[in-house]
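Given the structure is predicted, the values throughout are model-derived calculations rather than measurements. Reckoned from all heavy atoms, side chains included, excluding hydrogens, waters and symmetry mates. Below, read A as the first sequence line, B as the second, and so on, with proteins coming before strands; counting in each chain starts at 1.
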Amino acid sequence: MNTSAMKSTVAQLKTQIQRAMVAAFGEDLAHIDPMLVPTSNPKFGDFQANVAMSLAKPLKQSPRDIARQIVENLDLGDLCDTPDIAGPGFINLRLKTAYLEAQLKAMQADPRLGVAPVNQPQTVIVDFSSPNIAKEMHVGHLRSTIIGDSMARVQEFMGHRVLRLNHVGDWGTQFGMLITHLKEACPEALEASSTVDIGDLVAFYKQAKLRFDTDDDFKTRSREAVVDLQAGEDTATKAWKVLCAQSRQEFQKLYDRLDIQIQERGESFYNPFLADVVQDLEAQGLLVEDQGAKVVFVDGFTNKDGNPLPLIIQKSDGGYNYATTDLAAIRYRTGKDGAERVLYVVDAGQGNHFAQVFQVGAKAGWIPDGVELTHVPFGVVQGEDGKKFKTRSGDTVRLKDLLDEAVSRARTDLETRIQSEERQETEDFIQDVAEAVGIGAVKYADLSQNRTSNYIFSFDKMLALQGNTAPYMLYAYVRVQGIARKGGIDFDHLPAEAGIHLADDSEFALSRYLLQLDTVLEEVAQDLYPNRLCQYLFELSQTFNQFYDRCSVLQAEEPQRTSRLILCDLTAKTLKLGLSLLGIRVLERM
RNA sequence: GGGGCUGUAGCUCAGCAGGAUAGAGCGACCGCCUCCUAAGCGGUAGGUCGUGGGUUCAAAUCCCGCCAGCCCCGCCA
């Protein structure tokens, strides 16, 4: 059985129920959704159809009678036992054991674990991370980077062509002060290809900002520098490049550590297209001159006085701003890149901005039919006091420091455990495990929350090593590998003819979870909520741990032993795949 | 003034394309290692799902009002 045959369990059940509905009540019901969902409780079987209750009124019959007539016309072949009718009129379906066993075997033979690639791959752009040049990546970039990376991985796995874009802040008026300060405070940086340390560059940014805020002459020179830069003047351009190169190097260290692939395409990339945006909007009669600026008035937004809200396309001084850049980016992405779906993984505070920019893009005809631009918003990271996450001294938390601390705490935990268990482990092992656990914990803690709400950051909670955390799942994976080591098992060479024989409740529970992977991933790919994948992996791990607790594997008699080994293997592979789609790597031992 | 997000157990959060007794983790309490890593498993206690209406056979979930918190709203990005 191949992937596409596997994923059709739900589809098959739906089709059959629909047929039964038509057979019982006529063609009118041909397009009524049977309302088939997984059961709320395993004791009700695997799936429940809730359609009977909703038909009671139109059919003027009792829900239970309707359910009975549907069931009488229902042909589920080898999929299910005879359905039960329960409660007010639920139709409960229980998959036949033989069917489950066959599905699991098919999953074992499939490198994609039963998840079919999409039929029609799209070109998907994921716009995420987007730090600002000359600033250090900090906790504020954490969510976009982690969520964006995971969503890109999921889209890729589903078979889409994915372009991961880092829309870095490498342009704009802040470069005026940076360039000016660089020229005056650090002229040697403009001479040779000498390098400035990023730590210095961050301090450098602060110095420039301070001068800009306190020194009017400096402010004036900075504004002139912006004009120079925009005009392509040599010194200003050189200074800008120096700043960008420095930042890029530092960013890359973090991306490497986080195992994140992303292609830099900063705001400056769109500079050559900004004038076209203005021209085109003007030609279409969408542009209005207001208080010296060129703007488009957007529908559905008003300012504090209740007047229509403009989106500024060109400032009164002739400069462009980020709305212009974003519009140019829309044109480029839907045009040159051929994007059919663009995901902007950007904090929720920019909801208005994206709604406005998308609206203008649509009005201007830059968003072809069938192309979907989606703002994927997320809440802010807060400290345990519920306020903005800061260091004790009140500074922004640097991303590097945050990762270091997570790894360091993971290492301390690990060393304590190694000591108490009287194990001997190498430094390489300890370092590797600490890094995987620490980084994995940071990522998982973020991804496991519904992204729309604010996120309270807590080292203690993410590294608690119990509960819905990365270590819990890594441990479940490690347990399987432990079985393989102990038993000298090579999962890739289990007897091909070996079957699955489900008996214990925990084996059935585990099987049901394993077979939900495809549904979960399709949901995540569509709805872009990584926490659903986390939830699934957590519940799978819990179910596995229950199975592990109740069923011995290596000491079981055949054919039970091999059957259980297959369940273990499938669990491990599912965890490994799921975690990899979250950007988290597994460990063989920990 | 407008828009958005959030409000569920002591804490942190799931659930919200309506469905059976509202779930998990942490914390508290009680158990379980002669046996594949106990970073585990089982159990107990703990909830007017902010609030008031409405729709429905059925509402934490959908609609409206209100209350509370956070965020955004013209030349920064």
**Student:** Ignoring backbone atoms, test whether Y529(A) places a side-chain nitrogen or oxygen under 4.0 Å from the OP1 or OP2 oxygen of A14(B).
**Tutor:**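 Answer no for this pair, as no side-chain N or O of Y529(A) is under 4.0 Å from OP1 or OP2.
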**Student:** For a quick check of understanding: with a heavy-atom distance under 4.0 Å over all strands, which category does F538(A) fall into, base, sugar-phosphate or nothing?
**Tutor:**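 Contact class for F538(A): sugar-phosphate only.
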**Student:** For P310(A), answer base if it contacts any base atom (sugar-phosphate contacts may also be present), sugar-phosphate if it contacts only those atoms, and nothing otherwise; contact means non-hydrogen atoms under 4.0 Å.
**Tutor:**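 The answer is base, as P310(A) lies within the cut-off (heavy atoms under 4.0 Å) of a base atom.
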**Student:** Write down the distance separating the C1' atoms in A59(B) and C16(B), rounded off to the nearest Å.
**Tutor:**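 After rounding to an integer number of Å, I get 10 Å for this pair.
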**Student:** Please work out if L554(A) contacts a base, only the sugar-phosphate, or nothing of the nucleic acid, heavy-atom cut-off 4.0 Å.
**Tutor:**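 Base, at least one base heavy atom under 4.0 Å.
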**Student:** What distance, rounded to whole Å, do you find between the two C1' atoms, one in U12(B) and one in G4(B)?
**Tutor:**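 U12(B) and G4(B) have their C1' atoms separated by 24 Å.
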**Student:** Strictly below 4.0 Å, N to O, side chains only: are R411(A) and E415(A) in salt-bridge contact?
**Tutor:**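 Yes, this pair counts.
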**Student:** Could you check whether S453(A) gets within reach of a base, just the sugar-phosphate, or nothing at all, counting any heavy atom under 4.0 Å?
**Tutor:**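 The residue S453(A) makes sugar-phosphate contact but no base contact.
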**Student:** Tell me which nucleotide, if any, is Watson-Crick or G-U wobble paired with A22(B) when both distances must be under 3.5 Å.
**Tutor:**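 Base-paired to nothing in any strand shown.
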**Student:** What form does the base of C33(B) take, syn (within 90° of 0) or anti?
**Tutor:**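 Base orientation: syn.
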**Student:** How far, in whole Å, is C30(B) from G46(B) if one measures between their C1' atoms?
**Tutor:**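 Result for the C1' pair: 16 Å, nearest Å.
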**Student:** If the C1' atom of A20(B) is compared with that of C35(B), how far apart are they to the nearest Å?
**Tutor:**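 Between the two C1' atoms, the distance is 40 Å.
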**Student:** Classify A293(A) by what it touches in the nucleic acid, base, sugar-phosphate, or nothing, heavy-atom distance under 4.0 Å.
**Tutor:**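 Base, at least one base heavy atom under 4.0 Å.
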**Student:** Taking 4.0 angstrom as the limit, do K209(A) and D213(A) come out as a salt bridge?
**Tutor:**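 D213(A) and K209(A): salt-bridged.
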**Student:** So which nucleotide from G2(B), U37(B), C57(B) ends up closest to the side chain of T302(A)?
**Tutor:**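 The answer is G2(B), which lies nearest to the side chain.
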**Student:** Any base atoms under 4.0 Å from D326(A), or only sugar-phosphate, or nothing? Heavy atoms, all strands.
**Tutor:**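 Nothing, no nucleic acid heavy atom in range.
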**Student:** Does U12(B) have OP1 or OP2 under 4.0 Å away from a side-chain N or O of K461(A)?
**Tutor:**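 So the side-chain polar atoms of K461(A) never come under 4.0 Å of the phosphate oxygens OP1 or OP2 of U12(B).
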**Student:** Determine: side-chain N/O of Y472(A) to OP1/OP2 of C41(B), distance under 4.0 Å, yes or no.
**Tutor:**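 Indeed, a polar side-chain atom of Y472(A) lies that close.
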**Student:** Would you tell me if any nitrogen or oxygen in the side chain of N450(A) comes within less than 4.0 Å of OP1 or OP2 on C13(B)?
**Tutor:**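 No, outside the criterion.
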**Student:** Tell me which of N468(A) and Q48(A) sits closer to the 5' end of RNA chain B, going by the nucleotide each one is nearest to.
**Tutor:**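 Checking each residue's closest nucleotide, the 5'-ward one belongs to Q48(A).
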**Student:** Could you check which of A77(B), C75(B), G40(B) has an atom nearest any side-chain atom of I312(A)?
**Tutor:**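 Nearest nucleotide to the side chain: C75(B).
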**Student:** For A86(A), report the nucleic acid contact type (base, sugar-phosphate, nothing); a contact means any heavy atom under 4.0 Å.
**Tutor:**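 Result for A86(A) = base.
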**Student:** Measure from the side-chain heavy atoms of S316(A) and tell me the nearest of C57(B), G2(B), C75(B).
**Tutor:**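 Of all the options, the side chain of S316(A) is nearest to C75(B).
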**Student:** Can a donor-acceptor pair under 3.5 Å be found between the side-chain atoms of N352(A) and the base atoms of C72(B)?
**Tutor:**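 It does, because a donor-acceptor pair links the side chain of N352(A) to the base of C72(B) below 3.5 Å.
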**Student:** Is L474(A) touching bases, backbone alone, or none of the nucleic acid, heavy atoms closer than 4.0 Å?
**Tutor:**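 Nothing, no nucleic acid heavy atom in range.
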**Student:** From the options U37(B), C35(B), C36(B), select the nucleotide whose nearest atom is closest to the side chain of Q555(A).
**Tutor:**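 Looking only at side-chain atoms, Q555(A) lies closest to C35(B).
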**Student:** From the set C75(B), U56(B), U37(B), return the single nucleotide nearest to any side-chain atom of K57(A).
**Tutor:**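 The closest nucleotide is U56(B).
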**Student:** Please determine if a side-chain N or O atom of R550(A) lies less than 4.0 Å away from the OP1 or OP2 oxygen of G42(B).
**Tutor:**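 Answer is no, no contact under 4.0 Å.
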**Student:** Ignoring hydrogens and geometry beyond distance, is the side chain of D290(A) in donor-acceptor contact with the base of G74(B) at under 3.5 Å?
**Tutor:**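 For D290(A), whose side chain was compared with the base of G74(B), there is a donor-acceptor pair (under 3.5 Å).
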**Student:** Rounding to an integer number of angstrom, what distance separates G47(B) and A14(B) when you compare their C1' atoms?
**Tutor:**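 After rounding to an integer number of Å, I get 15 Å for this pair.
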**Student:** Would you mind classifying the nucleic acid contact of Q291(A) as base, sugar-phosphate or nothing, using non-hydrogen atoms under 4.0 angstrom?
**Tutor:**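 Since a base atom lies under 4.0 Å of Q291(A), the category is base.
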**Student:** Using a 4.0 Å heavy-atom cut-off across all strands, classify N321(A) as base, sugar-phosphate, or nothing.
**Tutor:**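 It contacts sugar-phosphate atoms only.
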**Student:** Can you find a side chain N or O atom of K315(A) that sits less than 4.0 Å from OP1 or OP2 on C76(B)?
**Tutor:**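 Yes, because at least one side-chain N or O of K315(A) sits under 4.0 Å from OP1 or OP2 of C76(B).
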**Student:** Checking T452(A) against N450(A) for the side-chain hydrogen bond (donor to acceptor under 3.5 Å, both in side chains) test, could you report, in this order, the C-alpha distance in whole Å, the side-chain angles of both residues, the deciding distance, and whether it holds?
**Tutor:** CA-CA 6 Å; T452(A) 53; N450(A) 187 316; 2.7 Å; yes
**Student:** Output the single nucleotide from C57(B), C36(B), C41(B) whose closest atom is nearest the side chain of D549(A).
**Tutor:**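 That would be C41(B).
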**Student:** Starting at the 5' end of RNA chain B, which residue's closest nucleotide do you reach first, N545(A) or Q350(A)?
**Tutor:**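 Of the two residues, N545(A) wins.
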**Student:** When rounded to the nearest Å, what value does the distance between C1' atoms of A45(B) and U6(B) take?
**Tutor:**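 Looking at atom C1' only, A45(B) and U6(B) are 29 Å apart.
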**Student:** Can you tell me the Watson-Crick or wobble partner of G65(B), both distances under 3.5 angstrom?
**Tutor:**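 Check on G65(B): paired to U51(B), both distances under 3.5 Å.
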**Student:** Would you mind classifying the nucleic acid contact of G169(A) as base, sugar-phosphate or nothing, using non-hydrogen atoms under 4.0 angstrom?
**Tutor:**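 Nothing, no nucleic acid heavy atom in range.
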**Student:** Does Q526(A) have a side-chain nitrogen or oxygen under 4.0 Å from the phosphate oxygens OP1 or OP2 of A17(B)?
**Tutor:**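 No, Q526(A) has no side-chain N/O under 4.0 Å of OP1/OP2 on A17(B).
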**Student:** Please confirm whether R479(A) makes a cation-pi placement over F544(A), using NZ or CZ under 6.0 Å from the six-membered ring centre and within 45° of the ring normal.
**Tutor:**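 Not flagged: R479(A) not positioned over aromatic ring of F544(A).
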**Student:** Let's test this: given Watson-Crick or G-U wobble pairing with both distances under 3.5 Å, identify the partner of U37(B).
**Tutor:**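 Base-paired to nothing in any strand shown.
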**Student:** Mind checking the P distance from G19(B) to C41(B)? Whole angstroms is fine.
**Tutor:**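 Here G19(B) and C41(B) have their P atoms 28 Å from each other.
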**Student:** Write down the distance separating the P atoms in U8(B) and C70(B), rounded off to the nearest Å.
**Tutor:**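 Those two atoms are separated by 15 Å.
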**Student:** Sub-3.5 Å donor-acceptor pair from the side chain of S150(A) to the main-chain atoms of I146(A), do we have one?
**Tutor:**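 Checking the backbone N and O of I146(A) against the side chain of S150(A), no donor-acceptor pair under 3.5 Å is found.
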**Student:** Should the pair R265(A) and F269(A) be classed as cation-pi, given the thresholds of under 6.0 Å to the six-membered ring centre and 45° from the axis?
**Tutor:**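 Yes, R265(A) and F269(A) form such a contact.
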**Student:** I need the CG-P distance between L309(A) and C73(B), as an integer number of Å.
**Tutor:**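 Interatomic distance, CG of L309(A) to P of C73(B): 10 Å.
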**Student:** Before accepting this row, confirm whether a basic side-chain N of the pair E289(A)/K294(A) lies closer than 4.0 Å to the acidic partner's carboxylate O.
**Tutor:**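 Between K294(A) and E289(A) there is no salt bridge, as every charged N stays at least 4.0 Å from the carboxylate O atoms.
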**Student:** Check the distance between A17(B)'s C1' and M35(A)'s CE and give it to me in whole angstrom.
**Tutor:**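 That distance rounds to 10 Å.
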**Student:** Using OP1 and OP2 only, check whether a side-chain N or O of S54(A) sits under 4.0 Å from C57(B).
**Tutor:**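 No, no such contact exists.
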**Student:** For G15(B), does OP1 or OP2 lie under 4.0 Å from any side-chain N or O of N531(A)?
**Tutor:**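 Looking at the OP1 and OP2 atoms of G15(B), one of them is under 4.0 Å from a side-chain N or O of N531(A).
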**Student:** When we call it a touch if two heavy atoms are under 4.0 Å apart, what does G351(A) touch: a base, just sugar-phosphate, or nothing?
**Tutor:**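 No contact.
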**Student:** Check every atom of A39(B), G40(B), C5(B) against the side chain of E421(A) and return the nucleotide holding the closest atom.
**Tutor:**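 Output: A39(B).
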**Student:** Identify whether the distance between the nearest side-chain nitrogen and carboxylate oxygen of D347(A) and R143(A) falls below 4.0 Å.
**Tutor:**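 Salt bridge: no.
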**Student:** Hey, does the side chain of Q174(A) come within less than 4.0 Å of A77(B)'s phosphate (OP1/OP2), counting only N and O?
**Tutor:**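 False: Q174(A) side-chain N/O out of range (4.0 Å or more) of A77(B) OP1/OP2.
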**Student:** First locate atom OG1 of T220(A), then atom CZ of F212(A), and finally report the distance between them rounded to the nearest 0.5 Å.
**Tutor:**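 The CZ atom of F212(A) is 9.0 Å from OG1 of T220(A), to the nearest 0.5 Å.
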**Student:** Considering every strand and a 4.0 Å limit on heavy-atom distances, what is the contact class for C551(A): base, sugar-phosphate, or nothing?
**Tutor:**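 Base: the residue C551(A), judged by heavy atoms under 4.0 Å, touches a nucleobase.
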**Student:** Within the 4.0 Å heavy-atom criterion, would you say V478(A) contacts the bases, only the backbone, or no part of the nucleic acid?
**Tutor:**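 The answer is base, as V478(A) lies within the cut-off (heavy atoms under 4.0 Å) of a base atom.
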**Student:** Looking just at side-chain N and O atoms, do Y472(A) and N545(A) make a donor-acceptor pair shorter than 3.5 Å?
**Tutor:**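 Yes, N545(A) and Y472(A) have a side-chain donor paired with an acceptor closer than 3.5 Å.
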**Student:** Is F90(A) stacked on the base of A20(B), meaning ring centres closer than 5.5 Å and planes within 30 degrees of each other?
**Tutor:**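 Check passed, F90(A) stacks on base of A20(B).
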**Student:** Can you find a donor-acceptor N/O pair under 3.5 angstrom joining the side chain of Y475(A) to the base of A39(B)?
**Tutor:**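 No, the side chain and the base share no sub-3.5 Å donor-acceptor pair.
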**Student:** Now, which nucleotide makes the Watson-Crick or G-U wobble pair with C29(B), with each of the two distances under 3.5 Å?
**Tutor:**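 Matched C29(B) with G43(B) under the 3.5 Å cut-off.
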**Student:** Given C5(B), U37(B), G19(B), identify the nucleotide with an atom nearest to the side chain of N50(A).
**Tutor:**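 Of C5(B), U37(B), G19(B), G19(B) is nearest to the side chain of N50(A).
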